[in-house]
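Report on one structure; see the data block that follows.
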Amino acid sequence: MAEPEAPVDTPVLVEREIVIAAPPDVVWVCWTDPARLVKWMGRTAAIELVPGGPIRVEYANGAVMLGAIVEVDAPRRLVFTWGWEDPDEAVRPGASRVEVDLDVVPDGTRVALRHLRLSATEAAGHAEGWDYFLGRLADAVA
Amino acid sequence: MIDQAFHALAEPRRRAILRTLADGELAAGEIAARFDVTRPAISQHLGVLREAGLVEERREGTRRWYRTREAGLEPVRAWLDAFWSDRLEALKMVAEAEAPRAPLEEDRG
C-alpha cells in the first residue's frame with residue numbers, strides 16, 4: 001500500500017475520545033478546578049472560567065501553556081485556545097483551540113477532545129499556527 | 001519521513017520560510033527577497049523542506065512556486081496525539097478516584 005496521505009485541508013490536529021467511570025460533574029471539576037488540574041495536566045494551573053478568561057498550565061518540564069477560555073457550558077462543553085507562552089517555543093498562544101465535550105454514557109462520561117489548528121485569520125496574531133507547532137517540535141529534537 | 005521533518009525544522013531559517021509560506025504560495029524569488037541570505041542558500045533550504053515533505057514545488061515555465069504541504073503537519077499531529085493520550089489517561093485516573101464508586105456498581109446489579 002502506498003504511503004497514506006494526511007487528510008488535506010482539515011484543521012483538526014487531534015481527535016480523541018475516552019470513557020471515564022465518573023459522572024460529568026466530576027469530570028468537569030477535574031477540567032476546571034486548578035486543584036484538580038494539577039493532578040493530571042501540569043504542576044501548576046490557573047483558570048478563570050469565563051469567556052475571555054485566562055487558562056495557564058505549567059508542565060513538569062517547565063513549559064507553560066497559555067490560553068483563553070472561549071466557551072463554558074458546565075458540565076457539557078469547554079473550549080479554550082492553546083499555545084506555549086515562551087516566544088522561543090514558536091507555538092504562540094491563540095494559534096490553536098481545544099474543544100472538550102462531555103456526554104453521559106452508560107459507563108459514566110464520554111470525553112471527546114478535538115485539538116484544532118486555527119487559520120491565519122482566526123489566530124490572534126497572524127500566521128503563527130505552523131511556526132508555533134514546528135518550533136516546539138524542533139526544540140524536542142535539538 | 002518524521003525524522004527528516006525534525007531535521008528540516010531544526011533550522012530556524014527553514015521555520016521562518018515555512019511561516020512565510022503559511023499565508024500562501026510564493027515564487028522562489030519572492031521567498032529569497034524576504035530573507036537576507038543568498039538565493040542558492042534559500043534554494044538549498046527549500047530543497048530540504050521539500051524532501052521532508054513540508055513544502056511542495058510547482059514549476060511554471062522557468063519559475064518555481066512553493067507552498068506548505070498539509071501532510072507536513074503529520075509530525076505535529078503525532079506529537080499532540082501522544083500528548084493528549086497521556087493527559088486523558090491521567091484525567092481518567094483522577095476523575096475515577098474522585099467519583100462515588102458504589103452507586104454505579106449497584107445500578108448495574
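In what follows, every chain begins at residue 1, and chains take the letters A, B, ... in the order their sequences are listed. Heavy-atom basis, side chains included; hydrogens, waters and symmetry copies ignored.
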Seminar exercise, completed: Tightest non-hydrogen contact, residues B:Trp65 and B:Ala27, listed as CE3-N, 3.5 Å

For this session: Indicate yes or no for a side-chain donor-acceptor contact from B:Glu11 to the backbone of B:Arg14 under 3.5 Å, with no hydrogens or angles considered.
Result: yes

Exercise. Minimum heavy-atom separation for A:Thr32 to A:Leu78, with atom names?
Worked result: CG2-CD2, 4.2 Å

For this session: With sequence neighbours left out, write down each residue that passes side-chain contact (heavy atoms from CB on, under 4.5 Å) with A:Val98, or none if nothing qualifies.
Result: A:Phe80, A:Trp82, A:Val100, A:Leu113, A:His115, B:Trp84

Exercise. With no hydrogens and no angle check, is any side-chain donor or acceptor of B:Lys92 less than 3.5 Å from a backbone partner on A:Val19?
Worked result: yes

For this session: Give the intermediate values and the outcome of salt bridge (charged side-chain N to carboxylate O under 4.0 Å, His left out) for residues B:Arg87 and B:Glu89.
Result: CA-CA 5 Å; B:Arg87 295 281 63 75; B:Glu89 285 296 334; over 6 Å; no

For this session: Using heavy atoms and a sub-4.5 Å threshold, report which of residues 40-59 of chain A line up against chain B, by residue number.
Result: A:Trp40, A:Met41, A:Tyr59

